[in-house]
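As structure tokens, the structure follows; a few thoughts come after it.
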There are 2 protein chains.
Amino acid sequence: MATGTRDRVIDAALALFAERGVAAVPVTAIEAAAGLAAGSGAFYRHFRNKTELVDALVDRELARARDRVPPARDEAGSDATELLVTRLRADLDFLRELGPLIHILVSERRRNPELVERLRSTAFEASIESGMAEVLSLAPPRAVRDDPEAAAQVMLSAMVGFFLAEEYYGRPAGPVSAERFARALAALLTSGP
Amino acid sequence: MATGTRDRVIDAALALFAERGVAAVPVTAIEAAAGLAAGSGAFYRHFRNKTELVDALVDRELARARDRVPPARDEAGSDATELLVTRLRADLDFLRELGPLIHILVSERRRNPELVERLRSTAFEASIESGMAEVLSLAPPRAVRDDPEAAAQVMLSAMVGFFLAEEYYGRPAGPVSAERFARALAALLTSGP
DNA sequence: GTCTATATTTCGATAGAC
DNA sequence: GTCTATCGAAATATAGAC
């Protein structure tokens, strides 16, 4: 596999970086995990250095995230809360898929301020906007109607906070499962019966 | 200053670790930032190695966080939402104070699973419990009464998520200020007029 | 493209003078 | 306790055979 190795290196690095952090993973460890001889410079046939690998990795994973098709919605016969729960479940799955990339982006944020700004001004703002539209379409309570933008950020922040606690603590941090969390959040954001 | 240097080293390391991550900061950089000659082993008169420094740093900062006295509440004449906003403001200030420590704990979580568990089983669970008590005492809407534990975790997760977005993006990530965020969250969790 | 081998740099850690 | 000096280990990166 001529060009397949490059992707194997990225795959190996993605897992190692997410686990230990970029700075703590030597190139030799990446080589080993990618099935190359550790200590051979084989890595350098594919990337000039570790920095360039990080860039390529982030580019590839962000593109992958962008291209991900949102699952088709089956809304028939559901009430507002139920619809929102479905969305929140999908959001959490998405975050979980992106988990390794997120850890890397966080640990590399100081070395890549332009990337941070790109994410903020596109992904973040788009999330708020779409969250606002969603929540407004679902018979929201007064608190949501009063400031839909802030309510959308509450929704987004809560999901991110839950996801990160899950990641940090290894498993659900408390007695509240993801499903129960999503239901509680959805119930707060919709009037319900 | 005999023992003062030790604390200066910890202070310097706290800032550097939070900024770049523990693994990426060499001992020489810590020495320089603490006013010692970079490359001299002066560091090793105070700590056996970097691992021991991390332990001492985390211990010191966690003790500092535990000893922090919560600001006295002045509740007279406030309604439920207002009381909760006050609490959320204080929570966010607390998180901001702990910012550097939080980054270090996150980046070191794989190397210190016992510490992670200690945090989960004390700080996390205590936060949920006290959040649940607080939110139940404030004329909550039906969604909160249905599952107060989950509602408390929504509150905690939202605050953590907001705080982390602020930290990651450098400043408020979107058009919603901390104050506006706290108001929206408090309004969702209380019936309010 | 991958290997063995190695040059080079950086970092962790210690010895000994002051 | 801090310094200069330095050793040894580990990591980055290159050279050249296959």
Side-chain angles (χ1 to χ4, degrees), chain A residues 1-60 100 103-104 107-112, chain B residues 1-60 100 103-105 107-112 115:
Chain A
M1 297 281 147
T3 188
T5 303
R6 187 186 157 95
D7 275 310
R8 284 203 343 266
V9 169
I10 294 182
D11 291 336
L14 182 60
L16 289 171
F17 288 166
E19 178 83 11
R20 302 189 222 161
V22 175
V25 177
V27 171
T28 59
I30 300 170
E31 287 175 329
L36 300 171
S40 76
F43 170 90
Y44 295 97
R45 292 283 161 182
H46 304 278
F47 304 95
R48 252 218 273 280
N49 48 46
K50 218 162 70 172
T51 302
E52 198 181 85
L53 164 63
V54 172
D55 290 345
L57 183 160
V58 170
D59 279 349
R60 196 193 76 173
H103 291 303
I104 293 170
S107 72
E108 292 295 290
R109 69 193 184 285
R110 302 291 177 173
R111 256 179 294 267
N112 229 325
Chain B
M1 296 280 149
T3 188
T5 302
R6 187 185 158 94
D7 274 310
R8 284 206 339 269
V9 169
I10 294 183
D11 291 336
L14 183 61
L16 289 171
F17 288 167
E19 178 84 10
R20 302 189 222 162
V22 174
V25 177
V27 171
T28 59
I30 300 171
E31 287 174 328
L36 301 170
S40 75
F43 170 91
Y44 295 97
R45 293 283 162 181
H46 303 278
F47 304 95
R48 253 218 271 279
N49 48 46
K50 217 162 71 171
T51 303
E52 199 181 84
L53 164 62
V54 172
D55 291 344
L57 184 159
V58 170
D59 279 350
R60 196 193 77 173
H103 291 304
I104 293 171
L105 290 175
S107 72
E108 290 296 288
R109 68 193 186 285
R110 302 291 178 175
R111 256 178 295 266
N112 228 326
L115 180 59

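Residue numbers start from 1 in every chain, and the chains themselves are labelled A, B, ... in the order their sequence lines are given, proteins ahead of strands. When reading the values below, keep in mind they use all heavy atoms of this one structure, side chains included, and skip hydrogens, waters and symmetry mates. Keep in mind that what you see is a predicted model, and the values were worked out from it rather than measured.
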(request) Check B/Asp55, B/Leu115, B/Val22 against B/Glu108 for a side chain to side chain contact (heavy atoms under 4.5 Å, CB included) and give me the one that passes. (result)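 Considering B/Asp55, B/Leu115, B/Val22, a side chain to side chain contact (heavy atoms under 4.5 Å, CB included) with B/Glu108 is found only for B/Val22.
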
(request) Rounded to the nearest 0.5 Å, what's the gap from CG on B/Leu53 to OH on B/Tyr44? Could you check? (result) 10.0 Å

Taking [atom1] from [X] and [atom2] from [N], how many angstroms apart are they, rounded to a whole number?
X: A/Glu52; N: D/dA13; atom1: CD; atom2: C1'; value: 13 Å
X: A/Phe43; N: C/dT4; atom1: CZ; atom2: C1'; value: 19 Å
X: A/Glu31; N: D/dA13; atom1: CD; atom2: P; value: 11 Å
X: B/Tyr44; N: D/dA5; atom1: OH; atom2: C1'; value: 15 Å
X: A/Arg20; N: D/dA10; atom1: CZ; atom2: C1'; value: 14 Å
X: A/Phe47; N: C/dG1; atom1: CZ; atom2: P; value: 12 Å
X: B/Lys50; N: C/dG12; atom1: NZ; atom2: P; value: 5 Å
X: B/Leu36; N: D/dT4; atom1: CG; atom2: C1'; value: 14 Å

The side chain of [X] lies closest to which of these nucleotides: [options]?
X: B/Ala37; options: C/dG12, D/dT4, D/dT12; answer: D/dT4
X: A/Asn49; options: C/dA13, C/dG16, D/dA13; answer: D/dA13
X: A/Pro26; options: D/dA11, C/dG1, D/dC3; answer: D/dA11
X: A/His46; options: D/dC3, D/dT12, C/dT2; answer: C/dT2
X: B/Ser40; options: C/dG12, D/dA13, D/dC3; answer: D/dC3
X: A/Thr28; options: C/dA13, D/dT12, D/dT2; answer: D/dT12

(request) Evaluate side-chain contact (heavy atoms from CB on, under 4.5 Å) for B/Phe47 paired with B/Ile10, printing each intermediate quantity in order. (result) CA-CA 10 Å; B/Phe47 304 95; B/Ile10 294 183; 3.8 Å; yes

(request) Return the 5'-most residue of the pair B/Arg45, B/Arg48 with respect to DNA chain C, ranking by each residue's nearest nucleotide. (result) B/Arg48

(message) If the cut-off is 4.0 Å, is B/Thr5 near the phosphate of D/dT2, judged by side-chain N/O to OP1 or OP2?
(response) yes

(request) Determine whether B/Ile30 and B/Phe17 make a side-chain contact, defined as any pair of heavy atoms from C-beta on separated by less than 4.5 Å. (result) yes

(request) Let me know, please, whether A/Ala24 or B/Gly41 comes out on the 5' side of the other along DNA chain D by nearest nucleotide. (result)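 Counting from the 5' end, the first nearest nucleotide belongs to B/Gly41.
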
(message) A/Arg60 vs A/Asp11, test: salt bridge (charged side-chain N to carboxylate O under 4.0 Å, His left out). Steps then yes/no.
(response) CA-CA 10 Å; A/Arg60 196 193 76 173; A/Asp11 291 336; 2.7 Å; yes

